[in-house]
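As structure tokens, the structure follows; a few thoughts come after it.
All chains are named by letter (A, B, ...) in the order of the sequence lines, taking the proteins before the strands, and each is independently numbered beginning at 1.
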Amino acid sequence: MPSRTPILQAGRVGRPRLKRAFYARPAVDVARDVLGAKLVRSEPGGSRISGWITEAEAYVGPEDLASHARHGRTDRNAAMWGQAGHAYVFFTYGMHWMLNLVTEAEGQAGAVLVRGLLPDEGLETIRRRRKRPDRQLTDGPAKLCQALAIDRTIDGQDLCGSNAELYLLPGVQLPDRVVTIGPRVGLNKVPEPWLSRPWRFRVSPDVLTDLVEKESGA
DNA sequence: AGGACGATTAACT
DNA sequence: GTTAATCGTCCTG
């Protein structure tokens, strides 16, 4: 049996990757629009793991006191300040990796944290990497990084290059009515107004599954 | 040089 | 609802 979720056949060969212009916009816009896009991990050795993005958060710049950019440019967050369309991957809590998509113009520190996926290709590999029920395999920012083997080696990589190990494909266009908007989560000791800014965007995996089925002409 | 803490997760009461 | 795990990063002094 192929390690692919049966109903989810919408990823088409030869479809163009999201181009840099998609990322080179305000982080909040990218966070909204990236829902339904397909994140693809192409590992050295040929295996391919992918999933549709179900949740994302925007971190807008050094003035955003929830952002790692709040202390200015450091070795750790350097990728945030670079060209849009690159990855910013960081390590936290002594054990977890997190993936961001770098947004905005070069020199501005915008980024979008990818917080949830609906798995498509590589489900067997994902199951091997984390023993959980299927619905809980990639429903968190650290969990999806483990599923796709995203770690420090991805930090700073260009998502738009033709040889990229990680990139995005256009997936499903989501109408506003299926997108839930709210404050970002997991922020400790972050003052207002940043704590309450509605910069978290979500679509339920069930709803996205239905839309993917429809799109693929099932 | 030392210490607080984190864009989380899983396990627990 | 609470808490431990676990260590790199950034702060203070």
Side-chain angles (χ1 to χ4, degrees), chain A residues 23 26-35 37 39 41 51 53-82 84-104 108-119 125-157 159 166 168 179-203 205:
Chain A
Y23 303 97
V28 177
D29 294 348
V30 176
R32 162 62 180 82
D33 295 342
V34 82
L35 296 183
L39 180 66
R41 173 73 160 107
I53 295 175
T54 59
E55 181 177 338
E57 286 177 353
Y59 291 82
V60 305
E63 71 277 15
D64 175 3
L65 296 183
S67 173
H68 289 173
R70 69 188 178 278
H71 295 302
R73 182 177 180 139
T74 66
D75 285 345
R76 183 203 204 193
N77 70 22
M80 286 185 95
W81 303 80
H86 288 239
Y88 165 45
V89 177
F90 67 89
F91 184 68
T92 192
Y93 292 105
M95 64 194 97
H96 298 309
W97 296 97
M98 312 253 171
L99 170 67
N100 290 260
L101 315 172
V102 176
T103 66
E104 314 265 359
Q108 297 186 49
V112 168
L113 174 69
V114 180
R115 293 188 52 91
L117 285 185
L118 174 65
T125 301
I126 294 172
R127 286 179 178 137
R128 206 178 313 127
R129 289 176 174 167
R130 181 176 288 265
K131 300 285 178 274
R132 303 290 297 174
D134 279 1
R135 300 180 68 85
Q136 298 169 30
L137 288 172
T138 55
D139 62 342
K143 294 160 84 170
L144 93 246
C145 283
Q146 183 179 0
L148 271 60
I150 292 167
D151 60 19
R152 74 170 79 250
T153 68
I154 302 295
D155 185 39
Q157 285 199 21
L159 309 175
L166 189 73
L168 288 176
V179 176
T180 301
I181 306 175
R184 296 171 291 183
V185 296
L187 307 182
N188 296 289
K189 298 175 53 181
V190 171
E192 298 290 1
W194 312 106
L195 185 62
S196 298
R197 286 277 135 93
W199 290 342
R200 180 191 192 206
F201 301 87
R202 283 185 294 163
V203 57

Look up atom [atom1] in [X] and atom [atom2] in [Y], then write down how far apart they are to the nearest 0.5 Å.
X        : Y        : atom1 : atom2 : result
A/Leu118 : A/Leu144 : CG    : CG    : 11.5 Å
A/Arg152 : A/Arg76  : CZ    : CZ    : 11.5 Å
A/Ile154 : A/Arg41  : CD1   : CZ    : 4.0 Å
A/Glu63  : A/Arg70  : CD    : CZ    : 13.0 Å
A/Leu39  : A/Leu99  : CG    : CG    : 6.0 Å

In whole angstrom, give the distance that lies between atom [atom1] of [X] and atom [atom2] of [N].
X        : N      : atom1 : atom2 : value
A/Lys189 : C/dC11 : NZ    : C1'   : 11 Å
A/Asp151 : C/dG8  : CG    : C1'   : 15 Å
A/Asp75  : C/dC10 : CG    : C1'   : 11 Å
A/Asn77  : B/dG6  : CG    : C1'   : 14 Å

In B/S/- notation (B base, S sugar-phosphate only, - none; protein heavy atoms under 4.0 Å), nucleotides 7-13 of chain B written 5' to 3' is BBSSS--

Given the C1' atoms of C/dG1 and B/dA7, what is the spacing between them in whole Å?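 Going atom to atom, C1' in each nucleotide, I get 22 Å.
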
Does the side chain of A/His71 get closer than 4.0 angstrom to OP1 or OP2 of C/dC11 through an N or O atom?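 The answer is yes; a side-chain N or O of A/His71 sits under 4.0 Å from OP1 or OP2.
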
Dot-bracket assigned to DNA chain C with the 3.5 Å Watson-Crick/G-U criterion, [ ] for crossing and | for other-strand pairs, is |||||.||||||.

| message | Whether A/Arg127 and A/Asp134 form a salt bridge (side-chain N of Lys/Arg under 4.0 Å from carboxylate O of Asp/Glu) is what I want to check. | response |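 Yes, charged N to carboxylate O under 4.0 Å.
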
**Q.** Neighbour count >12 (heavy atoms, 6.0 Å) for atom CZ, A/Arg130
**A.**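 Yes.
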
Original post:
With a 4.5 Å heavy-atom cut-off, do A/Trp194 and A/Arg184 have their side chains touching?
Top reply: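 A/Trp194 reaches A/Arg184 side chain to side chain.
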
